[in-house]
Amino acid sequence: MRKTIEINNFKKNLDLKKDIKPNIKNYFIGPWCLDLKDILKGSNKDTLDMYLPNNINKFEKDIDYLIKNYNLMLNILYKNLNLIHGTNYKKSFWEILIGRWLYTWINQVYFRWEYINKINKKFRIKKFIISQDALKNTIPINTEHAHKLNRGDDRWSELTFLKIIKYRKDIKTKIIKKKNKNRISELKNKYNQISFPKFSIYNKFSKVFFYNFELNLKARVKIKKYLKNFFLSYSSTKTLSYKNTKLRENFDNLLNNSKNNLLNNSKNNFFNFLTSNIKLNIPKIFLENFFVLKEIYSISKWPIKVEYILTSYGHYYDELFKFYVANQKINSKSKLCILQHGYGNMFTKDDYYNVYLDRKISDMYLSWGKLKKNRNLPFFYPRLSGSKINEFKFNVSKNILLISYSFSSALLNPPDGTQNGNIINYKNFSKIINLVDNIDNCISKKIYIKNQNMNATNNFEYLLKKKNPSINLINESKKLLKIIEDYNLYIHIFFGTPFFECMTLNKPSIIIYNKNDHQPFDRKFKNYIGKLEKENILFKNEKTASNFLNNNYFNLEKWWNKKSLQKLRNKFCSDYCFYSNNETKIIKNLGLNN
């Protein structure tokens, strides 16, 4: 028999006593509600945690299901966007424009849908308490604004939970609205400015256009000289204005009619739920401001009739660039080439939560490594190249850099593969403290910590210092490549981009690895886990890592320069993060030469 409970999605510092009946247990809906102003005092005894680690079968089924729903939704969206705007663009055009928003939004809604599923299997929800602020739905302006809401706005998350609960016919519950004294400040609408190239000069005979393409300066100059490529522009901005029309209402009616015709009352409840909530979630740039975007494009001075458009970041949030790419692909048969911009190509199920969509929308996906996976084309690590990689030399005056991570207090992907931000922050905090406490003082005083705040604003560094006043912190804003020569050793607690960069640049590194902190790896990368452990690069807990450092720190040179370790490092980097000193040859091999 399921236990009857009440749930709420507030932060723990909100007083709920008068809303709670003594005979029914009230729970905070998840660990993201924890008040982690002080991790050391945090308690989760009255907080639901539906995390189920290592459920690989569900992980794979979830991804298949999400891909299916993404494609279904894309199909009806592009047809109805054409109808509402009186256009006739192909599906590929609309996918470049709306794909990033749609993919992220569907995933974020599904995480909450599945979380409610898991609660409902174990408990009978009697009451859901919601703040009045959450009922003030914010329609996103563009893709970036939508991502800020979906990934980090408590009100959006709270309202989405409410909508799911109200939509589910098998959940009978009472909704209580409560004023939240700890009101979240309103998002500033900084997203209604569009920058566009008002004037530009470029080589009309060049068939390649680089835009927001991550490439170190030396390689950029060398490649552009080789391709006789240049693009100089003067940019201006326009402010979007929103007219009070019935466009959104009309679009919603069109969409629901299409859904009924398409599915004929299908049992796909999640898809039906998505369709019923498109109205308040599709960004204004795709509806109310679509023709403004089109007008701005018409006065923009982009290169025309190019064969290749290369970018690392432009396809994420630059709506005008996406419109340009979509048009060029239709009118000039241009190919979109997306360069990998961080770690990737190592997860199961086509790297769904990593680089899947980049590969899907690109004609050429350029990877940092030579490993062939899902039609990627090998490029090279772009942030540094050209010069020779030197053998490591130990310097007694240099220190140790520990790269840590803290995340926003949100439900992170995927539903059964990664815990939420607050729990991960607590685990990372404990890892660091345990490691430092077990390292000899003469070594631990050399450790400096650089914390990467991932979509988070928190006091992670302050709490580290509070727990251990002797800990040294460096500013997060310092770029790794600017300080990478200042340290003898790098300690990682996550397989993030910095680990791959350190390996590529031959900087001694160890990683404290917990498989539950990562999405499931593919078979190739799993094989590397064992090999890295054998060479004492990877450790599965802080104790073995600290023992290794205590015994080997002053002999790092002997360990890191060992033949077997360097052979493994070279193979690993060749697969995932290849360092090149012949950039133009790689460009030529890709067929990008004029």
If you apply the rule salt bridge (Lys or Arg N to Asp or Glu O under 4.0 Å), what do you find for D575 with K372, and how did you get there? CA-CA 8 Å; D575 280 343; K372 290 287 185 73; over 6 Å; no
For N120 and I116, indicate whether the former's side chain and the latter's backbone hold a donor-acceptor pair under 3.5 Å. no
Under 3.5 Å, is there a donor-acceptor pair between the side chain of N345 and the main chain of L371? no
Does this structure show an ion pair linking E95 with K90, if we count only N-O contacts that are shorter than 4.0 Å? no
Of the non-hydrogen atoms in K163 and L280, which two are nearest, and what is the gap between them? NZ-CD1, 3.7 Å
Is N289 reaching over with its side chain to a backbone N or O of V292, donor-acceptor style, under 3.5 angstrom? no
Do the ring centers of F93 and F323 come within less than 6.0 Å of each other? yes
Would Y352 and Y103 count as a close aromatic pair, with their ring centres under 6.0 Å? yes
Please check: side-chain N/O of N142 versus main-chain N/O of Y191, any donor-acceptor pairing under 3.5 Å? yes
Given the side-chain rings of Y313 and H341, with only the six-membered ring counted for Trp, is the space between their centroids under 6.0 Å? yes
Pair E319 + K322: basic N to acidic O under 4.0 Å: yes
By side-chain contact (heavy atoms from CB on, under 4.5 Å), N71 pairs with (sequence neighbours left out) I67, K360
Say whether, by atom type as modelled, one donor and one acceptor occur between the side chain of R248 and the main chain of I282 under 3.5 angstrom. yes
Is R155 paired with D153 through a side-chain N to carboxylate O contact shorter than 4.0 Å? yes
So among Y528, Y343, Y405, Y513, which one has a ring pair (Phe, Tyr, Trp, His ring centres under 6.0 Å) with F495? Y513
With a sphere of 6.0 Å drawn around CZ of R375, does it hold more than 12 non-hydrogen atoms of other residues, nucleotides or ligands? yes
With a 6.0 Å cut-off on ring centres, are H147 and Y316 close enough? no
Verify the ring-centre separation between F525 and Y576: is it less than 6.0 angstrom? yes
F286/F290 aromatic ring centres below 6.0 Å: no
Under 6.0 Å from the six-membered ring centre of Y27 and within 45° of its axis: does the NZ or CZ of K25 meet both? yes
May I ask you to decide if P520's main-chain N or O and T348's side chain share a donor-acceptor pair within less than 3.5 Å? no
Taking side-chain contact (heavy atoms from CB on, under 4.5 Å) as the definition, give me every residue that meets it alongside K329, ordered by chain and number, with sequence neighbours left out. I96, V325, L336, D363
Establish, yes or no, whether the cationic atom of R151 lies under 6.0 Å from the six-membered ring centre of W156 and within 45° of the ring axis. no
Can a donor-acceptor pair be found, under 3.5 Å and without considering hydrogens, that links the side chain of D351 to the backbone of N354? no
For the ring pair H518 and F521, is the centre-to-centre distance below 6.0 Å? yes
N514 (side chain) donor-acceptor with N516 (main chain) under 3.5 angstrom: yes
So, for W113 and F273, is the gap between ring centers shorter than 6.0 Å? yes
Aromatic contact between Y110 and Y65, with the criterion being ring centroids under 6.0 Å apart: yes or no? yes
Carboxylate-amine/guanidinium contact K373 D522, below 4.0 Å: yes
